[in-house]
Amino acid sequence: MKPVAERILFADAGTTFTKVSFLERDGGTWHLRERAWAPTTVDSPYSDVMVGLRRAIAKLEAYTGIKLLSKKHLISGIGEYQGAGEFLATSSAGGGLQVLVAGLTEQITAESGHRAALGAGAVVTDVVCLNQATSDFRTLERIRNVPCDMVLLTGGVDGGNISDVLTLAEFLALAAPKPRFGAEKTPLIYAGNIDARDYLESIVGDSMELICIDNIRPTMETEHLHPVRSVIQEIFLRHVMSGAPGLRTLSLWAQDKVQPTPVAVGKALTQFAQQKGGNIIAVDVGGATTDIFSIIDGGLYRSVSANVGMSYSMGNLLEQINPDMVNQWLPRIQDDALVRNWHLNKMIRPSTLPQTMQELILEQSFAKEALRLSLDHHRSIVTGLKGIKISRQIGDVFTQHGSGQTLVNLMKTQAIVGMGGVITNAPRLSQAVSIILDGIQPEGITDIYIDDGSFLPCAALIAPGNNAGTAPPPGIKPLTLAATCIAPVGPEVRAGTVIATVTCGNNSYSVIPGEISLVPLVNLHDTHGGSHSVDVSVVPNKRFDLGAGKGHPVTARVGASKMGLILDGRGRPLALPRDQRLRVSKLLQWYKALGAYPENALPIGGNH
């Protein structure tokens with residue numbers, strides 16, 4: 001087995017920023033020595049992702065005193081003051097991997113294709129069904145101009161009718177969507193009825209590059225996603241990495257082992273969920289998209305809110321989020337002009353970082369609403385299929401259950417992981433936690449983790465065997481346990497009512513409706529004599545639930561966290577007072593309880 005390098009240089013080329021991390025191994029333990037970032041340069045005027053990468057590496061050289069580049073090339077080998085033993089990379093630059101999905105019906109084959117594409121780390125830019133496959137000029141022109149790197153066509157069970165899927169293939173051949181990066185032909189992956197393959201070549205002709213694989217839905221009762229995922233990732237490396245500006249050079253640096261960032265994140269989260277032994281949700285608020293991952297009963301699910309991001313998608317975000325929804329999180333009297341002006345400035349300069357406390361709170365308020373919107377989308381994507389029993393393979397990305405209801409249950413979620421610049425780069429850890437608390441609104445007892453080193457994708461790549469079933473090397477701990485939230489769920493009750501009693505060692509604390517409080521770690525007494533975890537028992541009011549049923553007590557072993565226990569009695573769904581002054585007063589109480597912002601900086605503005 002090839003020995004693990006003594007130094008690793010890791011790069012993640014994102015939509016807005018390119019991040020680099022420098023790892024060293026001291027004895028048997030790896031540690032993160034330094035990290036740096038620079039704006040991604042995939043767009044004009046640079047049109048080369050390597051420009052931003054080299055700038056970020058130059059910062060690392062300055063921080064560490066170790067020379068990594070020579071004449072724009074990586075230095076091979078390791079010396080005392082130069083070189084990294086191995087270079088690893090992930091990428092979502094240029095919008096990541098984009099797929100147009102086509103299927104006979106939206107609820108069956110197109111839905112299966114959608115899940116497979118998402119699981120392969122792609123952004124689904126559009127979904128086309130048979131009833132949309134008309135040859136009128138407007139429809140053809142719309143499909144022709146859908147941004148995509150490949151087309152995934154599904155439809156029909158093996159041995160069934162082939163005329164419908166051939167009709168859809170004819171429509172796609174007429175439209176012939178244009179590849180984004182100037183390739184001669186757009187790949188068309190066919191994962192439908194195998195009996196239609198003999199006719200497809202003559203129908204598709206030279207309009208697209210036809211690739212036939214196993215049927216994604218060979219029978220109504222079975223769904224095979226792994227073959228589709230594999231070929232999508234292969235095409236990503238062959239087409240996207242060679243066509244996007246500078247990504248071919250990045251691939252050569254990484255010896256053609258660049259992975260889509262969502263795939264690497266999914267692997268790391270799968271390993272994390274195995275270690276936790278429960279369900280988790282992870283949120284990644286990016287510049288162009290917001291990705292949400294969930295691992296439910298061992299199955300990995302992913303959704304992408306393609307127009308919900310904190311930089312390049314700002315133009316679309318305010319179309320989906322009313323200014324009042326952002327205003328509600330600002331500790332000042334509502335001012336739509338303030339929100340719109342900040343939003344317009346962000347559209348003009350998408351990579352701009354907050355320069356004032358007001359701008360910081362505005363950005364974090366937008367992030368809360370982006371999370372809320374994306375979680376609603378995730379719930380609609382992560383569902384079972386009515387009346388269909390799914391045969392699951394080990395390699396399948398998604399697991400389906402025989403129900404049309406959403407599978408996302410916050411009460412049964414043991415942990416939430418926060419990723420993305422607006423969360424991981426928050427000046428205070430409590431701000432990152434506040435974004436998750438208000439945007440996701442966890443229920444029951446939930447650990448909140450932050451990927452504060454933006455290190456999760458790297459952890460997947462350096463794991464022995466480079467797969468999700470093995471633990472990362474000793475010393476690699478990409479996630480910080482920020483806090484544990486205790487949030488009883490129940491009806492609205494009178495102010496001052498105790499809705500739950502939390503006991504830690506010899507101390508007891510009350511959860512009060514409409515209030516949030518923090519129990520710092522120093523106040524937790526471990527009955528086992530250690531400081532790494534504590535037994536916590538919670539007895540809810542008879543009308544409130546913490547996961548075991550209304551009124552039933554819950555006991556949990558809580559790990560050591562940076563902030564401690566957060567007792568959240570604000571209700572679910574969280575509702576703020578309609579009276580403006582009461583709302584501002586309540587927000588100030590909550591932010592002060594968490595220590596989210598300096599007290600002398602609140603409230604913001606001058607009309608409170």
Side-chain angles (χ1 to χ4, degrees), residues 12-15 40 42-43 47-49 89-103 110 113-128 142-154 169 171-173 175-191 204 206-213 216 225 227-252 254 256-266 286-289 291 302-307 309 312-313 397:
D12 178 30
T15 303
T40 297
V42 73
D43 296 321
S47 298
D48 184 353
V49 73
T90 58
S91 174
S92 57
L97 176 63
Q98 301 190 7
V99 177
L100 168 64
V101 173
H114 197 169
R115 280 193 295 271
L118 289 173
V123 174
V124 177
T125 51
D126 207 340
V127 177
V128 181
R142 181 180 69 84
I143 299 301
R144 182 175 293 117
N145 291 298
V146 169
C148 66
D149 301 306
M150 65 194 76
V151 178
L152 173 60
L153 172 59
T154 64
F171 169 75
L172 293 172
K178 302 174 184 177
R180 284 195 301 155
F181 297 117
E184 292 184 5
K185 299 178 184 178
T186 300
L188 171 62
I189 304 170
Y190 176 67
V204 175
D206 294 331
S207 61
M208 289 183 282
E209 178 190 353
L210 179 63
I211 302 169
C212 295
I213 61 174
I216 199 171
L225 303 175
V228 180
R229 181 189 69 167
S230 297
V231 75
I232 288 177
Q233 292 183 14
E234 178 185 337
I235 292 175
F236 169 77
L237 295 174
R238 180 158 50 95
H239 284 259
V240 180
M241 292 305 298
S242 63
L247 290 184
R248 179 56 185 162
T249 304
L250 177 66
S251 184
L252 290 173
D256 292 324
K257 295 180 181 178
V258 178
Q259 286 196 9
T261 303
V263 171
V265 170
T289 68
D291 292 15
R302 172 176 172 253
S303 65
V304 181
S305 297
N307 291 319
Y312 290 97
S313 292
V397 180

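Positions are given from 1, in the same order as the sequence printed here. Worth knowing before you read on, the calculation uses all heavy atoms, side chains too, and leaves out hydrogens, waters and symmetry mates.
For T40 (side chain) and G14 (main-chain N/O), a donor-acceptor pair under 3.5 Å exists by modelled atom type. In this structure, the side chain of R229 does not engage the main chain of A116 through any donor-acceptor pair within 3.5 Å. Between the side chain of T261 and the main chain of S91, a donor-acceptor pair closer than 3.5 Å is present.
Contact annotation: the side chain of V204 never approaches that of Y190 to less than 4.5 Å [non-hydrogen atoms, C-beta and beyond]. Side-chain contact between K178 and T186 is absent, with no heavy atoms from C-beta onward closer than 4.5 Å. Looking only at side-chain heavy atoms (C-beta outward), M150 and I211 stay at 4.5 Å or farther from each other. Side-chain atoms of E209 and I189, non-hydrogen and from C-beta on, never get closer than 4.5 Å to each other. Between P177 and V146 the shortest side-chain heavy-atom distance does not fall below 4.5 Å. Residues V304 and V124 have side chains not in contact (no heavy-atom distance under 4.5 Å, counting atoms from C-beta outward).
By the side chain to side chain donor-acceptor pair (under 3.5 Å) test, S305 is found to be paired with S374, H377, residues two or more places apart in sequence or in another chain being considered. For the side chain to side chain contact (heavy atoms under 4.5 Å, CB included) test, residues two or more places apart in sequence or in another chain that qualify with A169 are L153, L200, I203.
Rounding to the nearest 0.5 Å gives a distance of 11.5 Å between CG of L172 and CZ of R144. Atom CG of D12 is separated from atom OG of S92 by 5.5 Å, given to the nearest 0.5 angstrom. Atom CG of residue L250 and atom CG of residue D256 lie 10.5 Å apart, to the nearest 0.5 angstrom. Put simply, CG on D149 and CD1 on I232 are 11.0 Å apart, with the number rounded to the nearest 0.5 Å. Separation of atoms CG (L225) and CG (L118) is listed at 10.5 Å; rounding is to 0.5 Å.
For I213 against A191, the heavy-atom pair with the smallest separation is CG1-CB, 3.9 Å. Closest approach of D291 and P262 over heavy atoms only: OD2-CG, 3.9 Å. The shortest non-hydrogen separation linking K185 to D206 is CE-O, 3.4 Å. Considering all non-hydrogen atoms of both residues, V101 and A117 come closest at CG2-CB, 4.3 Å. The two residues T125 and C148 come nearest to each other via the heavy atoms OG1-CB, 4.2 Å. For V127 against L100, the heavy-atom pair with the smallest separation is N-CD1, 4.4 Å.
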